[in-house]
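Taking it in order: structure first as structure tokens, then the write-up.
Computed from a predicted model, the values in this text were never measured in an experiment.
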Amino acid sequence: MLRSLSSLSTASALFLVAPLAAAWTQSSIVPEAPLGVIEQSHGWHELDGRLLGGGARYRADLGPQGVTFTPALGTRVEHAQTLSLDLQSVGRTGGPSRRVDDAATPVLEGSWAVYDHGQGLRERYEARVHELEQVIELHQPLPGDGDLVLRYDVVSPLAADPDASRGSALRLVRPGIGGIHIDRLWITDAEGRDLGGEMRLAEADGQRFFEIVVPEASLASAVYPLTVDPAFGTIIEHGGAGDNTRSDVTTMATPGVTLVTWQTQFALNDIDVRAQRLNFNGVGFGPLITVESGAGVAQRPAIAVHLASQRWVVAYERAAFFAGKRRIAARSLDGSTGAVSAAANLTDAILDNAAPSLGNDAEPTLQSGVLMTWRQGQSIRVMSLGVDGSGLVLPGFANLLDSVLIDSTIEPRISGTGGYLGHWMVVYHRAVNILNLDRGIRGAIVNRNGSILVPAQWIEDSGSSTTGIDRTQPSVDCDPLSQFSSRFFVAFEVEESSTSSSRDVRAAILQYAGGGDLFFTASVPAFWLADTGRDEFGPAVGCATSKTYIAYSEEFAGQSYNVRVQGRNTATGTTCESPFLLASVAGATPRHLRMRSRASVPTPTFNRSFLTWTAYDLLPPFDGSVIVQPLSTIAGTGTIQDLGGGCGGGGTVEQTIAVGPAIGDSGFGLRNLTADPLSTFSVLNLATAGTLPVSCGPCLLLPYQITFNVPKESGGFGILLPVPCDLSLVGAQLDVQWTVFPTASTPCSLFNNISVSNIARITVGV
């Protein structure tokens, strides 16, 4: 029912007829509280037939051989410091011990993973936020007398801490680094009585055992079933709270769910890729999803939406060990259930493959897919990705964009969407030439198939002279509603001088006209986004059509940083609003900013974006914490006022979204859902506020000034009216009215079978 205007420039002309307001400095960005999504994510999820779970600081792996608990100790340790427990026997010290069947496999019962060993013995595990809780259920007494002993085989490189391992608490540690605590032992009977008990480590014939002991005296009056309930958690000595880094985020329009993905480092040579689903408000739901685990090093995940299959695609680096040669692998995730597909290798490991970046098609056709760019050895490549009926990610042909790189830190980036025409831009930095090691920004344009439309060319460089000033870390997104040209907004870092480590953020707006032209052009000269003398770096770009958001980090004092975000006019680069101070971070560096607006998906309205970044500790081992920030990008100061005057079956002027109109709001539109059911056509009329209407019977007719012909679709009339991102429009007003025909009545004698809606006054806000 909503139809996009033929170009955003039409909407610009539309609003210029209204009185212009004075310059405005208020930001339209309305940040909500940063979400503790990563820190709170937990639960069980199936991957490749394994039941994996955990929280931000640990991983749990369940199988027929019991549970393996892995603390997230980050780069403090070379290999994972695991604890594997396999329940072997249950019995009384004065009676026979019952051997536990190793063939039992865990099944999910709600939030619990359960081993049912039969004969009244059940072993349950719940992956909670900060710890793994174990519950042993014993439904009937065992023969014999003496203490009740539950014995587990133990395999772990960690040593018991004798000073802290006693009674109801145990610590297994690597001194000076961290390890695992087992505590909160709670043994109760069916009436809730505390039976006491202790945990201990034992050794016999070279085999270590973990035992839980229930004293004989407590068993005499116990009412069955009994529950034995300890918890397992992570110890990180000298501060730190796990190591979660390098996040990415995007939204799937249907079913309206956002996915954030990141990496969790358990050891130098053990990194998992994880994910969490979020609702519209950014609140996590469902369990922690493990995308890749057990592959050694799986890192740097990137995400996009495959619209045709309604699945997310997550691509990531995979290597056997840290600093080993990497390949790019990918899995897809079901948009409704979060189920994870099998892994697909997109590249081999003959050359080092690193730094994948993904963008998705905005057209929900059967051909719509995902584009990926990455660095392969000394080259930049791009390929299209598909998804088959089983969810397996299918690689396309790898096209070469550049092959003369000399910098191993290059992270190419691709625009979040290919827009209306299916044109993506890939950007990266590269040395200008062999003799001039100054680095500049290059870009290339590819189509839906990953074919090269425009070979890589310079966006900005130092020319033939050696200045010692580098341009690096570019980010890009495109205007997804542009139908006549593909417009790209590129932001990047520039060193302030050859002798300074401080940087500024600069931008360029580029257009590709198509038609076989093997070039793109700058629509406006390159300009500074952040040039205050402070160190500003790491820009991320998210285009919401008429407004583009740029986030960046800024050092404002020693070891203290800000994260700022601002809106710019996508066509001109002019400031729509003052840079918004989103967060101040002390003692950590915000890096790896990623932003994706809902325009990339697309959705009916584009007033919502997500920004994510990693806050890295300033001291070794430089642990990271992932921040996820939802942004409502309309402040809600725009209004629509009913002035009356409708007659007959003309219906009512309504707005398409709950707030607005606002500058830079590409999702604002008007609709009429209550017009005469017999009507098939309408004219939307927009006039300068205060235009005197003409009386005709009970009707007040607004004289025609700017009109749009709108046929009926899906039982009503509607049209999108994107509001340009222009400060001068704040406070601008228009009067609007629908003329509807044919209608059963003729309330105005001047026209047969024509009715009009009420007149509404629109005031533009932020």
Side-chain angles (χ1 to χ4, degrees), residues 8 27-32 34-35 247-253 258-261 278 280 282 302-305 357-362 371 413-419 424-427 473-482 486-492 505 507-510 529-530 538-553 563-571 573 575-577 579-580 582-583 590 592-603 605-613 627-634 662-667 722 725:
L8 297 183
S27 173
S28 67
I29 296 169
V30 183
E32 300 172 13
L35 301 170
S247 52
D248 200 1
V249 63
T250 197
T251 299
M252 186 179 294
T258 295
L259 188 75
V260 58
T261 183
L278 317 175
F280 180 82
I303 188 172
V305 174
S357 176
L358 301 184
N360 52 253
D361 205 327
L371 268 289
R413 302 292 297 166
I414 193 167
S415 54
T417 174
W424 283 259
M425 176 171 275
V426 176
V427 295
Q473 300 297 317
S475 180
V476 61
D477 206 0
C478 88
D479 177 351
L481 291 187
S482 177
S486 296
R487 183 182 300 126
F488 300 92
F489 199 110
V490 181
F492 49 93
V505 177
I509 298 176
L510 309 167
L529 286 170
V541 178
C543 182
T545 62
S546 58
K547 183 192 291 186
T548 292
Y549 298 101
I550 306 94
Y552 57 92
S553 300
V563 176
R564 292 189 180 272
V565 60
Q566 62 172 294
R568 291 272 182 152
N569 188 300
T570 302
T575 302
C576 303
E577 53 200 19
F580 188 89
L582 192 61
H592 303 125
L593 278 66
R594 298 289 184 263
M595 177 180 284
R596 189 69 65 89
S597 78
R598 285 180 168 250
S600 297
V601 180
T603 59
T605 60
F606 309 118
N607 62 329
R608 195 61 178 272
S609 298
F610 284 92
L611 173 66
T612 182
W613 72 87
I627 308 299
V628 181
Q629 175 69 66
L631 301 172
S632 296
T633 49
I634 296 177
I663 57 170
D665 176 14
S666 303
C725 193

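In the model, R564 has no side-chain atom that pairs as donor or acceptor with a side-chain atom of Q566 under 3.5 Å.
Considering OG1 of T417 and CG of D361, their distance stands at 6.5 Å, rounded to 0.5 Å. Between the CZ atom of F488 and the CG atom of D479 there is a distance of 9.5 Å, given to the nearest 0.5 Å. Distance check: I550 CD1 to L593 CG gives 12.5 Å after rounding to the nearest 0.5 Å.
Pairing each heavy atom of G573 with each of R568, the nearest pair is O-NH1, 2.7 Å. Residues G419 and C478 share a closest heavy-atom pair of N-SG, 3.8 Å. Nearest heavy-atom pair across F610 and P630 is CE2-CB, 3.5 Å. Residues D248 and A302 approach most closely at OD2-CA, 3.5 Å, considering heavy atoms.
Scored by the salt bridge (charged side-chain N to carboxylate O under 4.0 Å, His left out) test, R594 finds E411 as partners (sequence neighbours excluded).
Results of the side chain to side chain contact (heavy atoms under 4.5 Å, CB included) test with V249 over V260, T261, L259 single out V260 as the only residue that passes. Remark: of the listed residues S415, P474, S475, S475 is the sole one forming a side chain to side chain contact (heavy atoms under 4.5 Å, CB included) with V541.
No side-chain heavy atom of Y549 sits under 4.5 Å from any side-chain heavy atom of L631. For the pair I509 and R487, the minimum side-chain heavy-atom distance is below 4.5 Å.
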side-chain contact (heavy atoms from CB on, under 4.5 Å) between Q629 and T612, worked out: CA-CA 6 Å; Q629 175 69 66; T612 182; over 6 Å; no
